[in-house]
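Please read the structure below before turning to the comments.
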Amino acid sequence: MIIGFVIGESKPTSISAQTSRPLAVGEYIIIDSEENRLLGLVEKTIVSSAALTDVHNYDEAVESKEIADINSRDKSFTTKIMILGSLSSLKKGVVVIPAIPPFPGTPILEASKKDLESVFNPSNSSWSKIGTLLRNPQIELKININKIVTRHFGILAMTGMGKSNLVAIIAKEIAKLNGTLIIFDYHNDYDNLNIKKMNVMDAKINPRLLDANTLADVLEIRENADVQQRILRLALTQNVKESKEFWDELYKQVEFVGANPERKEDRHSADRVCDKIDDARHRFADILDPDIIDPISLIKEFRINILNISEFSEKQANVVLAYYLQELLTDKKLSTITKNSKNKRKKYRFNSPVFVIIEEAHVFIPKFEDTHAKYWASKIAREGRKFGLGIGIVSQRPRNIDSNVLSQIGSFAIMKIIQEDDQRQIAYAVESISKDLISQLTSLNVGDAVLVGQCVNLPTLIHIDEAKEKIIGSDPNAVEEWKKMMLFNNTTMDSRELVNKDLLL
Ligand SMILES: Nc1ncnc2c1ncn2[C@@H]1O[C@H](COP(=O)(O)OP(=O)(O)OP(=O)(O)O)[C@@H](O)[C@H]1O
Ligand SMILES: [Mg+2]
């Protein structure tokens, strides 16, 4: 059905059109040019009325409205459309932009369900459904899982807009494909996902495997506490690392270093280090385990692995993440090299691709700070593709994420973002996002997203499915919870009063 015509100046990548109805931003249309049917995306729509322009007072507005109502030519719907490419090539996942722009007068058609399905809902097995097109909800939207795993994925949005929900949907899809996923769960968001054979575990660190600087981070010794840092460095000897009772030996060694008669001033700092060892060893007994041989061995191949890091401080979580990322990359590198060589005898932990999702990426991969986790995440972003190791980064503060890592990411799902600094960072890091799409980000609702990059054939506005069983991240209903607590308190108070009365009688 014809819904409009190309007008004014056309370019190979964009046209303007006048249409019979206002087209919604994000809607897909067909530009029916003679040689080629082109798929277009509505980027901007301006609705105006000739009679109601330049109106200066109320009476004039009333009269102009009457004129506007009876004059069918009064309203104009001017639309800016981005040309996405020839429909026939997009079906094959190839973008071919016309050499000659569509001529003014070329008809604009509604895109049919069949046209859209062929582009957004490929039947190839590497594509998985995560939602529906925002403006064409009858069309299911699939993403190419291969591309997010090998070319990395970013999920960026303000808080509460649906990032973790999307992670949950992706986890469910990867589970269906028997893939290996590791989620570093900083907020205990994922342990109740309804996924068969999900592997939920506490991340663990073996303190023996750490160098002195990293151990200082884990023990929460401040960076500027130079004397404490030095004492720990001297105390963490190879003997201590190899001793049966790691913590006791480390404690003794710190006392020994602090008792140096030539440096009496060290005594106090050594006592502080001993306190910190005591504190960490008791507070983090479950996660700092000197007897665990290989923390990575807890992760299972072909499973959704939820690594709980919610008990850790930021610094400790950083150490955990760095350790796991380093081990994963080393393992994947060696297993790939071995796979390609004749010597296939040695077994590695992971012999197939692994996808790792890092929440709170602005904390672990910060822009203006060099952390261990950032070092290994950047390395995976640069080299992971070759070895089948992908990262997914999730953040509500894109402006604080390291730009180099962002620029290595092949695909993004971007939800509502209001802050201009965040939008600027996205515009800078994400090649395939246009200014007009960026300006849409403020108006998205919960669960809506702009998908760009290699995981989709085209930049796409979608609504993500809701992981129904998931109660993660939902806002607490404060009023209901207070009401329940009040009822509960009243009932227990009443029964206590009854008991007291009984006792008095
Ligand atoms: N696609 C969706 N459809 C409907 N509701 C959704 C959708 N995505 C998220 N929600 C709802 O919005 C709320 C917040 O979602 P979610 O926890 O995924 O946000 P978030 O971006 O991860 O937040 P945070 O920054 O706090 O981690 C949840 O209650 C969830 O049920
Ligand atoms: Mg979340």
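Numbers here simply count residues along the sequence, with the first being 1. Remember, it's 1-based here, ligands and their atoms both numbered in the order they're listed.
- Annotation: Tyr186 is in aromatic contact with Phe364 [ring centroid separation under 6.0 Å].
- Considering Asn165, Ile130, Thr159 only, the shortest heavy-atom separation from atom 24 (P) of ligand 1 involves Thr159.
- Of the options His187, Met415, Glu466, Gln396, the smallest heavy-atom separation from atom 5 (N) of ligand 1 is shown by Glu466.
- Where the criterion is an N or O separation shorter than 3.5 Å, residue side chain and backbone included, Glu359 fails it with respect to ligand 1.
- Under the side chain to side chain donor-acceptor pair (under 3.5 Å) criterion, the residue pairs touching residues 174-184 are Glu173-Lys176, with sequence neighbours excluded.
- Residues that satisfy the side chain to side chain donor-acceptor pair (under 3.5 Å) test with Asn224, not counting sequence neighbours, are Arg222.
- By the 4.0 Å heavy-atom criterion, Gly160 is counted among the residues contacting ligand 1.
- With a 4.0 Å cut-off on non-hydrogen atoms, Met161 touches ligand 1 through its backbone and not its side chain.
- With atom 20 (P) of ligand 1 as the reference point, the heavy atom nearest to it among Met158, Lys163, Glu360, Arg397 is part of Lys163.
- The aromatic rings of Phe120 and Tyr28 sit tilted relative to each other, their planes meeting at an angle between 30° and 60°.
- Not a single N or O atom of Val446, backbone or side chain, sits closer than 3.5 Å to an N or O atom of ligand 1.
- None of the N, O or S atoms belonging to Gln396 lies under 2.8 Å away from the Mg ion (ligand 2).
- Contact annotation: for His463 versus ligand 1, heavy atoms closer than 4.0 Å belong to the side chain alone.
- Asn308 and Asp185 are not linked by any side-chain donor-acceptor pair at a separation below 3.5 angstrom, with hydrogens and angles left out of the test.
- Using a 4.0 Å cut-off between a side-chain N of Lys or Arg and a carboxylate O of Asp or Glu, Asp115 and Arg37 qualify as a salt bridge.
- Below 4.0 Å from some heavy atom of Asp465 lie the following atoms of ligand 1, by number and element: 1 (N).
- With a 6.0 Å radius and a threshold of 12 heavy atoms from other residues, nucleotides or ligands, Glu311 has its CD atom at or below the threshold.
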